[in-house]
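In this text, all values refer to a predicted model and were calculated from it rather than measured experimentally.
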Amino acid sequence: MPPTPLRPPRAGRGRGVHALALTVLLCAAAGPAAAAGPEPSPSPSRLRLPVVADRIDSSSEGCAKASATVMRQVPWAQRLLGLGRAGLFSDGTGVTVGVVDTGVSAKAGALSGRLTGRSGADSDCVGHGTFVAGIIGAAPRTGVGLAGVAPGARIFSARGTDATGTPSASLVALGIRAAVDAGCEVVAVSAALPEDTAGLAAAVRHATARDVLLVAPAVPDDADTARDEQASTASFWPAAAPDVLSVVDFGVDGTRPDGSLEPAAVDLAAPGDQVTGIGVAGSGHFVGSGSSFAAAYVAGAAALVRAYHPELTARQTAARMASTGYPADVPRLDVNGALTGVLPAHAAAQPAPAQGIRVLDVPDDDGAVLRAGVLAGACGALGMGLWATSALRRRAGARRGPADRSHRTAGHRG
């Protein structure tokens, strides 16, 4: 196992860390997914970016401010997911993605012309919701390496927190309902709450009835807070609810951050540790870590799939994404596989895959071959080389599916 790169502390409750500076290792992903797209190939370097907060309090420096540093290199997560190739098939145009978070700033230029929202949700003192929205749909810009997963999608903002960024079941439920009623086909919920409530469960059922795919983190971003709130179990809501696609994060070396809380059940893993995103204003960027950001990548990918495969229901979209993930204990998001992988006819006709063995047929063309690459190591001043292993193979036989979610099947938990 290669050495694990140094990681900064996560942004925790009441720390107001959006003003802190952090040195980020910017490494070019060498895995097959990274090589797939037409993105430029940046040289490893170091860049200082401020950290996005998840919550603020009275001891902080106030609301989030613009970052002075622009990410000109292509971030590792974009390259690992092969978003350059994915963009040849879909950019999410025609799909609206709801973001239930701290609000989304109307001053974020990367979302200009594509942002709507519930009354009062067009400002973001914390910056977390804007960061999530940027992962999902930030527009590409000349001279800027960072872009969203689905830059053609529209964003609908709804608050799921109070002004400090503290979520509650009642606010999340109201945010989900607002996004569903606004016509969103995908909704990213950033909260991971320790308890389910009747109102939150009803909001999830409302989304299911309207054929809306909910995506949520399986654990909170702050592991310390999570342990304080729920020591006996690792189930959090709405991710643990039926028909919600639950997600955990991993970092540049392919592993979860040290000390991460392990969820009781999860559907997919996606980049989420030391990922880059936009700020509430200006053209500068921030860095953040947490499963809510991994959920944002999955929500963006779901927008691409729903735009490219409009015939699929929300359940079928979730099942397709889980079934085409890179094989692992928790399947890893494969954006291009979800878009272009050819499922067996009997699987395509079902609302959700069965547990156990799953078969994926892929055509011979290079554009649809599923890749299993893991980016590992560290670079720059630490003196460690970035390495990646990859295997191009055709999977015409049996393949292991997502980890058993005990009481439910990935993508369909009726």
Side-chain angles (χ1 to χ4, degrees), residues 29 31-39 74 77-95 97 136-137 140 147-153 185-186 213 215 245 247 267-271 297-328 331-353 358-375 390-402 410-411:
E39 298 114 333
V74 179
Q78 282 181 227
R79 296 180 60 77
L80 186 69
L81 294 175
L83 297 185
R85 171 171 289 172
L88 300 176
F89 299 96
S90 174
D91 68 355
T93 297
V95 173
V97 181
I136 295 169
V149 180
E185 293 184 59
V186 179
L213 177 58
V215 184
L245 194 59
V247 186
D267 291 316
L268 278 172
Y297 277 105
V298 172
L304 298 183
V305 174
R306 298 214 77 174
Y308 192 63
H309 295 284
E311 76 283 0
L312 296 180
T313 65
R315 284 180 174 177
Q316 289 170 333
T317 300
R320 183 180 184 87
M321 294 176 70
S323 295
T324 57
Y326 296 123
R332 295 185 180 181
L333 174 65
D334 178 1
V335 178
N336 288 284
L339 284 171
T340 63
V342 180
L343 297 176
H346 64 83
Q350 299 299 319
R358 291 182 186 145
V359 178
L360 179 67
D361 296 330
V362 294
D364 291 336
D365 65 285
D366 181 57
V369 175
L370 301 182
R371 300 161 306 278
V374 176
L375 185 64
S390 65
L392 289 172
R393 54 178 179 158
R394 211 175 303 158
R395 293 197 292 267
R399 114 176 226 204
R400 185 177 182 273

- Value for CG (D334) from CG (L268), rounded to nearest 0.5 Å, stands at 10.0 Å

- Message: Ignoring hydrogens, what is the shortest heavy-atom contact between P310 and A307? Give both atom names and the distance.
- Response: CD-O, 3.7 Å

- Which pair of heavy atoms, one from V95 and one from A303, lies closest together, and at what distance? CG2-O, 3.7 Å

- Considering non-hydrogen atoms only, spot the tightest contact between A270 and Y297 and give its length. CB-CB, 4.3 Å

- If you look at every heavy atom in G300 and A150, which pair is closest and at what distance? O-CB, 3.7 Å

- Query: Name the one of V186, D267, I136 that satisfies side chain to side chain contact (heavy atoms under 4.5 Å, CB included) with V215?
  - Reply: V186

- Got a second to check how far T93's OG1 is from L304's CG, nearest 0.5 Å? 9.5 Å

- Item | side chain to side chain contact (heavy atoms under 4.5 Å, CB included) partners of A269, counting only residues at least two apart | V248, F250, V330, R332

- Message: Between V305 and L339, does the side-chain contact (heavy atoms from CB on, under 4.5 Å) criterion hold? Intermediate values first, please.
- Response: CA-CA 6 Å; V305 174; L339 284 171; 4.2 Å; yes

- Query: Mind checking whether Q316 and H309 have side chains closer than 4.5 Å, heavy atoms only?
  - Reply: no

- Once you round to the nearest 0.5 Å, how far does CG of N336 lie from OG of S90? 11.0 Å

- Query: If you look at every heavy atom in L81 and L333, which pair is closest and at what distance?
  - Reply: CD2-O, 3.8 Å

- Query: Say you draw a straight line from CZ of R320 to CZ of R306; how long is it, rounded to the nearest 0.5 Å?
  - Reply: 13.0 Å

- Minimal heavy-atom distance between P331 and A322, with the atoms involved, is CB-O, 4.0 Å

